[in-house]
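Atom set for the values below is all heavy atoms of this structure, side chains included, hydrogens, waters and symmetry mates excluded.
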Amino acid sequence: MTTITLPERDLEILSGTLEENFKYLAERLRVRVAARGDTVSLEGDPEAVAAAGKLVAELGKLVASGYSVGKEEFRTALRVIEEDPEADLVQFFTDASIPDSVKRLVVPRNLKQRLFIQALIKFDIVFAVGPAGTGKTYLAVAMAAAALAEHRVKRIVLTRPAVEAGERLGFLPGDLVEKVNPYLRPVYDALYDILGYDRVARHIERGVIEIAPLAFMRGRTLNDSFMLLDEAQNTTPEQMKMFLTRLGFHSRAAITGDVTQIDLPNERGSGLVQARQILGNLPGICFFDFAKEDVVRHRLVEKVVAAYEAWDEAKRGNGS
């Protein structure tokens, strides 16, 4: 058994409402957690107890320093410890390499997300490839919003290819923008979540934020802009080249996609796949990979992704 002593008030904050944080810790690491007064006791497998003890002790330091540790921070810390038992949680949450403007908008929920944010800061063009739920689009939108808030760019341009994912755009009412608008909804959702509906509406009205189908990017040069291409696996090679060559002075671009969810006709190659083959070793461009282990949505999402991967692998093995 391991015991950790913290100021009673700090321990109360860490345990959460009705000790929900400690109950989650016990369930996730399969340890027994008992908090009383200024002491928390941990019992179970030695490695699990060591991880739980490290988490409680280091989050205790954060609380003592005045850092706000709530339910989401607690669960993020646990994910980080599960990924890397030697991780420094204090450094993770107070990392000076991540601008304060970003921290005010979003906090990375695992080590991979923190590295992705650092890549977006370091490189002018970043490709993020991985399954749904890893935070690719959300973090890219947050970084774009932070760049706008710090006046490092003058506008944000968000785009997606207009590809039919099993539906028929032609049967939807309205012009092209109205037809494609539902497909841009995830981008709108991320913006509303990060900046708020009213601010996003004002920025869109003034042209500070532009959300458009990829076809509308042709022939433009975008200076002082943060460009985001979402669902990039559904771009053709020609469209990908067209998007990348829109990059103007003092601009940067993030390209996100999942190569396991390509909706292009079979005879068309994915521009995202080809871009890696052509640009993979080009200095100044970063290809950042997420895996199913990096999913931060509902815990079942990771299992769903893994199950589909296993099914696809079995299918290929059977030659079907």
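- A distance of 9.5 Å separates CG of Asn21 from CD of Glu73, quoted to the nearest 0.5 Å.
- A cation-pi arrangement is not found for Arg252 relative to Phe123, the charged atom failing to lie both closer than 6.0 Å to the ring centre and inside a 45° cone about the ring normal.
- Under the rule for a salt bridge (charged side-chain N to carboxylate O under 4.0 Å, His left out), Arg30 has no partner lying at least two apart in sequence or in another chain.
- A heavy-atom distance below 4.5 Å is found between the side chains of Leu14 and Leu6.
- Partners of Lys112 by side-chain contact (heavy atoms from CB on, under 4.5 Å), not counting sequence neighbours, listed by chain and number: Asn110, Phe288, Phe290, Asp294.
- In this structure, the separation between CZ on Phe287 and CD1 on Ile125 is 9.0 Å, given to the nearest 0.5 Å.
- Arg199 CZ: 12 or fewer foreign heavy atoms inside a 6.0 Å radius.
- Proximity of a side-chain donor or acceptor of Ser251 to a complementary backbone N or O of Asp224 within less than 3.5 Å is detected.
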Review point. Asp193 and Tyr138: side chain to side chain donor-acceptor pair (under 3.5 Å), yes or no, with the steps?
Key: CA-CA 9 Å; Asp193 197 18; Tyr138 194 90; 2.7 Å; yes

Point to revise | Evaluation steps, side chain to side chain contact (heavy atoms under 4.5 Å, CB included), between Leu228 and Val157 | key: CA-CA 6 Å; Leu228 169 61; Val157 180; over 6 Å; no

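- Counted within 6.0 Å of CD on Glu47, heavy atoms from surrounding residues, nucleotides or ligands total 12 or fewer; the atom is thus considered open.
- Counting heavy atoms of neighbouring residues, nucleotides and ligands inside a 6.0 Å radius, atom CD of Glu8 does not exceed 12 of them.
- Between the OG1 atom in Thr76 and the CZ atom in Arg109 there is a gap of 6.0 Å [rounded to 0.5 Å].
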